[in-house]
*Asks:* 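Provided herewith is a single structure, encoded as structure tokens, for subsequent inquiry.
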Amino acid sequence: MIPTRLLHLIDRLARDVNSVGHAHGLNPVQWDVLRYLAVANRFSLSPKALTAYFRATKGTVSQTLSTLERRGLITKTHSGTDRRAVVLALTQAGREMLERDPLASFGEVLVTLESSELAALQTSLAKTVRMRAQITGERAFGLCSDCRHHRRSNTALHCALLDVALSVRDSLLICHEQEAA
């Protein structure tokens with residue numbers, strides 16, 4: 001049986017989120033990109049990763065990035081290892097804009113839930129995102145530390161897939177290469 005009431009509530013919440021997304025001169029997609037850049041690790045800061053994360057067209061992502069760059073909220077630089085690759089970053093103005101993120105009002109509501117309710121909701125939604133990604137063949141973009149390629153020794157963190165050292169910060173952010181452990 002399809003949980004129609006649950007689907008309706010998810011849709012209603014998504015509409016509420018999008019309705020507050022027209023704040024401070026940004027549209028919902030622009031807010032989404034700023035939020036993504038704030039939680040993505042260094043391996044996921046590319047237009048290609050953004051396109052995959054949002055399941056959007058290259059044109060939509062390109063146009064959104066150009067607008068955010070013109071507004072001084074992000075920078076686009078070429079990778080030091082591959083001149084064809086573009087690396088995205090929030091500027092100070094972008095980080096300051098995120099401090100006024102209208103999505104924060106939803107966080108204020110969530111913290112009123114009991115910790116067990118909040119944990120169950122987070123677990124259920126994360127599972128739903130992972131399962132939906134499996135069905136569609138897309139990446140789930142989970143936390144680096146939850147990846148099957150994440151290695152932890154007594155002295156270091158390492159990504160076995162990319163064969164690179166990880167910082168603690170990298171491990172706590174989302175990664176487009178993430179595969180659930």
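These values consider heavy atoms only, across backbone and side chains, with no hydrogens, waters or symmetry-generated copies. Computed from a predicted model, the values in this text were never measured in an experiment.
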*Asks:* Is there side-chain contact between L166 and N41, with heavy atoms separated by less than 4.5 Å?
*Replies:* no
*Asks:* If hydrophobic clusters are built from ILVMFWY residues whose side chains come within less than 4.5 Å, do L161 and F43 share one?
*Replies:*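 Cluster IDs for L161 and F43 match.
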*Asks:* Which pairs would a plain distance check flag for residues 13-25, meaning a side-chain donor or acceptor within less than 3.5 Å of a matching protein atom at least two apart in sequence or in another chain?
*Replies:*
unit_1 : atom_1 : unit_2 : atom_2 : d
R15    : NE     : D11    : OD2    : 3.0
D16    : OD1    : R12    : NH1    : 3.4
S19    : OG     : D16    : O      : 2.8
H24    : NE2    : R100   : O      : 3.4

*Asks:* L68 and F54: same hydrophobic cluster, using ILVMFWY side-chain contacts below 4.5 Å?
*Replies:*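 The answer is yes; both residues are in one hydrophobic cluster.
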*Asks:* Measure the shortest side-chain to side-chain distance between L26 and R71 over non-hydrogen atoms and say whether it is less than 4.5 angstrom.
*Replies:*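 They are in contact (side-chain heavy atoms under 4.5 Å apart), so the answer is yes.
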*Asks:* Using side-chain contact (heavy atoms from CB on, under 4.5 Å) as the criterion, list what pairs up with L172, not counting sequence neighbours.
*Replies:*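 With neighbours one apart ignored, the set is V168.
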*Asks:* Check G72 against T91 and note the closest heavy-atom contact, atom names and distance.
*Replies:* O-OG1, 2.5 Å
*Asks:* According to salt bridge (charged side-chain N to carboxylate O under 4.0 Å, His left out), who are the partners of R5, at least two apart in sequence or on a separate chain?
*Replies:* none
*Asks:* For residues 42-59, which residue pairs qualify under salt bridge (Lys or Arg N to Asp or Glu O under 4.0 Å), counting only residues two or more places apart or in two chains?
*Replies:* R42-D170
*Asks:* Check the pair V86, T77 against side-chain contact (heavy atoms from CB on, under 4.5 Å), reporting the backbone distance first and the verdict last.
*Replies:* CA-CA 6 Å; V86 172; T77 58; over 6 Å; no
*Asks:* Can you name the salt bridge (charged side-chain N to carboxylate O under 4.0 Å, His left out) partners of E96, sequence neighbours left out?
*Replies:*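 E96 satisfies salt bridge (charged side-chain N to carboxylate O under 4.0 Å, His left out) with no residue once adjacent residues are dropped.
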*Asks:* Short question: side chain of Q30, backbone of N27 - any donor-acceptor pair under 3.5 Å?
*Replies:* yes
*Asks:* Can you check whether M97 reaches L34 side chain to side chain, under 4.5 Å on heavy atoms?
*Replies:* yes
*Asks:* Looking at every heavy atom in both L50 and Y36, which two are closest together, and how far apart are they?
*Replies:*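 Heavy atoms of L50 and Y36 come nearest at CD2-CD2, 3.3 Å.
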*Asks:* ring-ring contact (aromatic ring centres under 6.0 Å, His included): which pairs involve residues 121-148, sequence neighbours left out?
*Replies:* Y53-F141
*Asks:* What residues, two or more places apart in sequence or in another chain, satisfy salt bridge (charged side-chain N to carboxylate O under 4.0 Å, His left out) together with D163?
*Replies:*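 By the salt bridge (charged side-chain N to carboxylate O under 4.0 Å, His left out) rule, D163 matches no residue at all.
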*Asks:* Quick one: OG1 on T64 to CD on E69, what's the gap to the nearest 0.5 Å?
*Replies:*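 Interatomic distance, T64 OG1 to E69 CD, rounded to 0.5 Å: 12.5 Å.
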*Asks:* Can you measure from CD1 (I74) to CG (L45) and round to the nearest 0.5 angstrom?
*Replies:*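 If we round to the nearest 0.5 Å, I74:CD1 and L45:CG are 10.5 Å apart.
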*Asks:* If you look only at pairs with a residue in residues 101-120, which of them pass as a salt bridge (Lys or Arg N to Asp or Glu O under 4.0 Å), with sequence neighbours excluded?
*Replies:*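 Those involving residues 101-120 are R35-D101.
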*Asks:* When you compare the side chain of L65 with that of P47, does any pair of heavy atoms fall below 4.5 Å?
*Replies:*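 Counting from C-beta outward, P47 and L65 do come under 4.5 Å.
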*Asks:* To the closest 0.5 Å, what do you measure between CD (Q178) and SG (C159)?
*Replies:* 10.5 Å
*Asks:* Atom CG in L173, atom OG in S44: separation rounded to 0.5 Å?
*Replies:*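 Output value for this atom pair is 8.5 Å.
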*Asks:* Indicate the atoms forming the closest heavy-atom contact of A38 with R169, along with that distance.
*Replies:*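 In this case the closest contact between A38 and R169 is O-NH2, 4.4 Å.
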*Asks:* Verify side-chain contact (heavy atoms from CB on, under 4.5 Å) between L103 and W31, making sure each step is shown before the conclusion.
*Replies:* CA-CA 9 Å; L103 193 59; W31 277 111; over 6 Å; no
*Asks:* If you round to the nearest 0.5 Å, how far is CG of L37 from CG of L98?
*Replies:*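 If I round to the nearest 0.5 Å, the distance is 8.5 Å.
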*Asks:* Can you tell me which residue pairs pass the ring-ring contact (aromatic ring centres under 6.0 Å, His included) test with a partner in residues 149-181, sequence neighbours excluded?
*Replies:*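 Found none.
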*Asks:* Just to verify, what does E177 make a salt bridge (charged side-chain N to carboxylate O under 4.0 Å, His left out) with, not counting sequence neighbours?
*Replies:*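 E177 satisfies salt bridge (charged side-chain N to carboxylate O under 4.0 Å, His left out) with R139 only.
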*Asks:* Regarding T60 and T57, do their side chains bring together a donor and an acceptor under 3.5 Å, going by distance alone?
*Replies:* yes
*Asks:* Any side-chain to backbone donor/acceptor pair from S171 onto C144? Under 3.5 Å, distance only.
*Replies:*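 Checking the backbone N and O of C144 against the side chain of S171, no donor-acceptor pair under 3.5 Å is found.
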*Asks:* In the hydrophobic clustering (ILVMFWY, side-chain contacts below 4.5 Å, transitive), which residues join L6, or is it alone?
*Replies:*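 When side chains under 4.5 Å apart are linked, the cluster holding L6 also contains I10.
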*Asks:* Give a yes or no on whether R152 atom CZ has more than 12 heavy-atom contacts from other residues, nucleotides or ligands under 6.0 Å away.
*Replies:* no
*Asks:* Any link between L9 and L121 through a network of hydrophobic side chains (Ile, Leu, Val, Met, Phe, Trp, Tyr) touching at under 4.5 Å?
*Replies:*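 No, L9 and L121 fall in different hydrophobic clusters.
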*Asks:* Nearest 0.5 Å, what's the CG-OG distance between L157 and S167?
*Replies:*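 So the CG of L157 and the OG of S167 are separated by 8.0 Å.
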*Asks:* Show the atom names and distances, to 0.1 Å, of all donor-acceptor pairs under 3.5 Å that link a side chain in residues 122-134 to residues at least two apart or in another chain.
*Replies:*
unit_1 : atom_1 : unit_2 : atom_2 : d
T123   : OG1    : A119   : O      : 2.9
S124   : OG     : A120   : O      : 2.9
T128   : OG1    : S124   : O      : 2.8

